[in-house]
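On a predicted model such as this, the values are computed, not experimentally measured, just so you know.
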Amino acid sequence: MASISLKNIKKVYPGKEQVVAVQDFNLEIEDKEFVILVGPSGCGKSTTLRMIAGLEEISDGELKIGDVVVNNLAPKDRDIAMVFQNYALYPHMTVYENMAFALKLRKTPKPEIKERVTEAARILDIEHLLNRKPKALSGGQRQRVALGRAMVRHPKVFLLDEPLSNLDAKLRTQMRSEISKLHLSLGTTFVYVTHDQTEAMTMGDRIVVMKDGIIQQVDTPSNLYQYPCNLFVAGFIGSPQMNFFDGELKKEDSLYTIDLGGNKLVIPSKKNKDGILDQYLGKKVKLGIRPEAISEATAEGVNTFETNLELAEMMGSEVLVYFNFAESKVIGKFSADTKAKSGKRVLFSFDTSNAHLFDPETEQVISN
């Protein structure tokens, strides 16, 4: 197995106007770790994966797989296996032949090929499909074959480029857990690219959030959710996404408050770590509150307000509510037994114990 080291990696596409797709990318991926690169389209995540695979030339920096610098190594010499978004199966070959193809090219003995393909098919539960051709398979079955074809090579590193994006919602959920279990059983280093933050949150040991070719934050799913380092990460991670409000930080007696244009929210004093809030008194701040911290209230109190609901969406275990407050569009989460209806007045409250404060100019976090 192998670790991966990316130091000051840069990718520039030449032309009339040079396009910098990835810049100053630094990341250490441990042996057997499951790391996910996530971000919006065009952020450089797939380009980074393709540089690791050797499918894109590295413009600058150093890439190591294990202890070997692989910048100039051909893809076939890097001991990696890549699973693509479109599966890339050979349509004229059976499942068995697709899975065995790379081993045949390596002149692997036939008994060993059979053993490896059979074992991979057993793990992926596709033994009954070995004689079928790709056109006779469902999307989920094709994805398993693509994974099996990579598995039989016993690579040091698995690279997966949006492998679930062509599947329907139910299959995506199922395959997420299958890939996570596969990672545990193989004990191999996985690097996985997705634009779907739900995939990232449910699968990765660590997540690399990217924007415009630059790493924004690298952390565990839990830490990314609870302690985003800037506005972009806060807004990108979480579904539905975080609510944001523009306000002014004040202090009344011993209470810290945020004035949202006449509506005041009390902020717990624990947010004033190392006196950070005192540095922003009287200044504009950006307040971030996740939907689960906005709930229905039964009586008036601190951080409780009344509003007119625009929409209430029953989601089964909860109701998503949409309304306007302090010149911002807001999404909250009410319990499934709420009587709140679209177009009706409702009392709601903010739980600011998990509020996030950001500097509106630098967009960096002030306090989580």
Enquirer: Gln216 and Asn230: side-chain hydrogen bond (donor to acceptor under 3.5 Å, both in side chains), yes or no, with the steps?
Expert: CA-CA 8 Å; Gln216 301 294 305; Asn230 60 30; 3.1 Å; yes
Enquirer: Applying ring-ring contact (aromatic ring centres under 6.0 Å, His included), can you list everything that pairs with Tyr322, at least two apart in sequence or on another chain?
Expert: none
Enquirer: Check ring-ring contact (aromatic ring centres under 6.0 Å, His included) between Phe323 and all other residues, then give those that pass, not counting sequence neighbours.
Expert: Phe348
Enquirer: Between the side chains of Asn324 and Glu310, is a donor N or O closer than 3.5 angstrom to an acceptor N or O?
Expert: yes
Enquirer: Between Ser165 and Gln85, does a side-chain hydrogen bond (donor to acceptor under 3.5 Å, both in side chains) hold up when you go through it step by step?
Expert: CA-CA 7 Å; Ser165 59; Gln85 178 179 349; 3.1 Å; yes
Enquirer: Would you give the length of the straight line joining atom OG of Ser180 to atom CE of Met175, rounded to the nearest 0.5 angstrom?
Expert: 10.5 Å
Enquirer: Just how far is it from atom CZ of Arg142 to atom CG of Leu167, taken to the nearest 0.5 Å?
Expert: 10.5 Å
Enquirer: Out of curiosity, does Val145 fall in the hydrophobic cluster containing Leu147 (side-chain heavy atoms, cut-off under 4.5 Å, transitive links)?
Expert: yes
Enquirer: Check whether the side chains of Tyr96 and Glu127 place a donor and an acceptor atom closer than 3.5 Å, and report yes or no.
Expert: no
Enquirer: Is it true that Tyr256 and Asp278 share a donor-acceptor pair across their side chains at a distance under 3.5 Å?
Expert: yes
Enquirer: My understanding is that only residues two or more places apart in sequence, or in another chain, count here; which of them pass ring-ring contact (aromatic ring centres under 6.0 Å, His included) with Phe244?
Expert: none
Enquirer: Has Lys283 got its NZ or CZ under 6.0 Å from the middle of the six-membered ring of Tyr280, at an angle within 45 degrees of the ring axis?
Expert: yes
Enquirer: Taking 4.0 angstrom as the limit, do Asp125 and Arg144 come out as a salt bridge?
Expert: no
Enquirer: Linking Ile, Leu, Val, Met, Phe, Trp and Tyr through side-chain heavy atoms less than 4.5 Å apart, which residues share a cluster with Leu255?
Expert: Val266, Val302
Enquirer: Consider only side-chain N and O atoms of Glu296 and Thr338, and report whether a donor and an acceptor are under 3.5 Å apart.
Expert: yes
Enquirer: Ignoring hydrogens and angles, state whether a donor on the side chain of Asp196 or Thr194 is under 3.5 Å from an acceptor on the partner side chain.
Expert: no
Enquirer: Any ring pair (Phe, Tyr, Trp, His ring centres under 6.0 Å) involving residues 200-230? Give me the pairs, sequence neighbours left out, ordered by first then second residue.
Expert: none
Enquirer: Among residues at least two apart in sequence or on other chains, which ones pass ring-ring contact (aromatic ring centres under 6.0 Å, His included) with Phe245?
Expert: Phe350
Enquirer: Please report the closest heavy-atom contact between Phe236 and Gln197, naming both atoms and the distance.
Expert: O-CG, 3.4 Å
